[in-house]
Amino acid sequence: QVQLVEAGGGLVQPGGSLRLSCAASGSIFRIYTMGWYRQAPGKQRELVATITSDLSTGYADSVKGRFTISRDRAKNTVALQMNSLKPEDTAVYHCNAEARRGPLADKLAYWGQGTQVTVSP
């Protein structure tokens, strides 16, 4: 199995910053794209940011210019630096990774349990 464990959520005031991190472990042959998704109460899970194995990045329009995704390929970790946070950023943030457990194994999507981010005065 592949396990993803997130850390770094919490409560922050509007305009503040938080840094989320996610570490992948387990039976990993190769990790491809990694990313962050979020789900607010009563809403569907939405893409926040992605980063490919060659470090190309993509962002949701709502976070462009405020969030930065980064990755350490050697350590199988991904981070999300969140600046200028807004109340509408409040959600559970989930780490995602596309990975193979072996050279002939299927490429599957794996998810972390999530970490709560609350932006409130």
Side-chain angles (χ1 to χ4, degrees):
Q1 264 294 9
V2 176
Q3 294 85 37
L4 301 178
V5 178
E6 302 101 335
L11 173 64
V12 64
Q13 293 185 341
S17 298
L18 279 176
R19 182 177 177 84
L20 306 182
S21 62
C22 172
S25 63
S27 179
I28 299 172
F29 170 71
R30 183 171 296 167
I31 296 179
Y32 299 89
T33 298
M34 300 187 80
W36 290 93
Y37 291 71
R38 67 187 181 187
Q39 187 166 19
K43 295 187 177 181
Q44 291 187 330
R45 188 174 294 186
E46 64 175 1
L47 171 69
V48 176
T50 59
I51 185 165
T52 66
S53 55
D54 64 358
L55 304 183
S56 296
T57 59
Y59 296 92
D61 288 343
S62 59
V63 307
K64 281 181 182 176
R66 300 188 297 122
F67 291 10
T68 303
I69 190 170
S70 61
R71 177 175 176 175
D72 186 328
R73 289 174 294 185
K75 296 182 179 179
N76 289 334
T77 59
V78 63
L80 186 69
Q81 178 66 41
M82 305 185 294
N83 299 328
S84 302
L85 282 161
K86 305 175 181 179
E88 51 263 44
D89 294 318
T90 296
V92 177
Y93 284 69
H94 295 269
C95 177
N96 167 270
E98 296 179 341
R100 294 186 194 274
R101 297 174 60 192
L104 301 180
D106 291 335
K107 183 164 62 173
L108 300 177
Y110 296 89
W111 294 91
Q113 290 296 313
T115 184
Q116 177 70 46
V117 171
T118 302
V119 184
S120 179

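Excluded from the calculations below are hydrogen atoms, water molecules and symmetry mates; all remaining heavy atoms, backbone and side chain alike, are included.
- Contact detail for P14 and P121: the closest heavy-atom pair is CD-N, 3.6 Å.
- Note that CH2 of W36 is 10.5 Å distant from CG of N96, once rounded to the nearest 0.5 Å.
- When hydrophobic residues (I, L, V, M, F, W, Y) are linked wherever their side-chain heavy atoms come within less than 4.5 Å, V92 remains an isolated member.
- Here the closest non-hydrogen pair linking H94 and G112 is ND1-O, 3.2 Å.
- Atom CD of residue E98 and atom OG1 of residue T50 lie 9.0 Å apart, to the nearest 0.5 angstrom.
- Atom CD of E88 has more than 12 heavy atoms from other residues, nucleotides or ligands within 6.0 Å.
- Taking the side chain to side chain contact (heavy atoms under 4.5 Å, CB included) definition, one finds that V117 meets it with L18, L20, M82, Y93, V119, sequence neighbours left out.
- Atom SG of C22 and atom CD1 of I69 lie 9.5 Å apart (nearest 0.5 Å).
- Atom CZ of R30 is surrounded by 12 or fewer heavy atoms from other residues, nucleotides or ligands within 6.0 Å.
- Under a hydrophobic clustering in which Ile, Leu, Val, Met, Phe, Trp and Tyr are joined whenever their side-chain heavy atoms come within less than 4.5 Å, directly or via other members, Y37 and V63 fall into different clusters.
- Within the structure, the side chain to side chain donor-acceptor pair (under 3.5 Å) test picks out the following pairs touching residues 111-121 (sequence neighbours left out): Q116-T118.
- With R100 contributing its side chain and F29 its backbone, the two residues share no donor-acceptor pair below 3.5 Å.
- Under the 4.5 Å side-chain criterion, counting only non-hydrogen atoms from C-beta, S70 is in contact with R19.
- For R45 (side chain) and Q39 (main-chain N/O), no donor-acceptor pair under 3.5 Å exists by modelled atom type.
- T68 OG1 to L80 CG: the interatomic distance, rounded to the nearest 0.5 Å, is 8.0 Å.
- When all heavy atoms of L4 and A97 are compared, the closest pair comes out as CD1-N, 3.7 Å.
- Of the possible donor and acceptor atoms, none in the side chain of Y59 sits under 3.5 Å from a partner among the backbone N and O of G65.
- When hydrophobic side chains of Ile, Leu, Val, Met, Phe, Trp and Tyr are connected at separations under 4.5 Å, V5 ends up as a singleton with no cluster partners.
- Side chains of V78 and C95 form a contact here, defined as non-hydrogen atoms less than 4.5 Å apart.
- A donor-acceptor distance shorter than 3.5 angstrom exists from the side chain of R73 to the backbone of S53, with no hydrogens or angles considered.
- The closest donor-acceptor contact from the side chain of R71 to the backbone of L55 lies at 3.5 Å or more, if one exists at all.
- The distance from atom CG of L85 to atom CD of Q13, rounded to the nearest 0.5 Å, is 11.5 Å.
- The salt bridge (charged side-chain N to carboxylate O under 4.0 Å, His left out) check on D54 picks up nothing, with sequence neighbours excluded.
- For the pair K86 and D89, the salt-bridge criterion is not met [side-chain N within less than 4.0 Å of a carboxylate O].
- For the pair A91 and R38, the tightest heavy-atom approach, listed with the atom from each and the gap, is CB-CB, 3.8 Å.
- When the salt bridge (charged side-chain N to carboxylate O under 4.0 Å, His left out) test is applied to K75, no partner is found at least two apart in sequence or on another chain.
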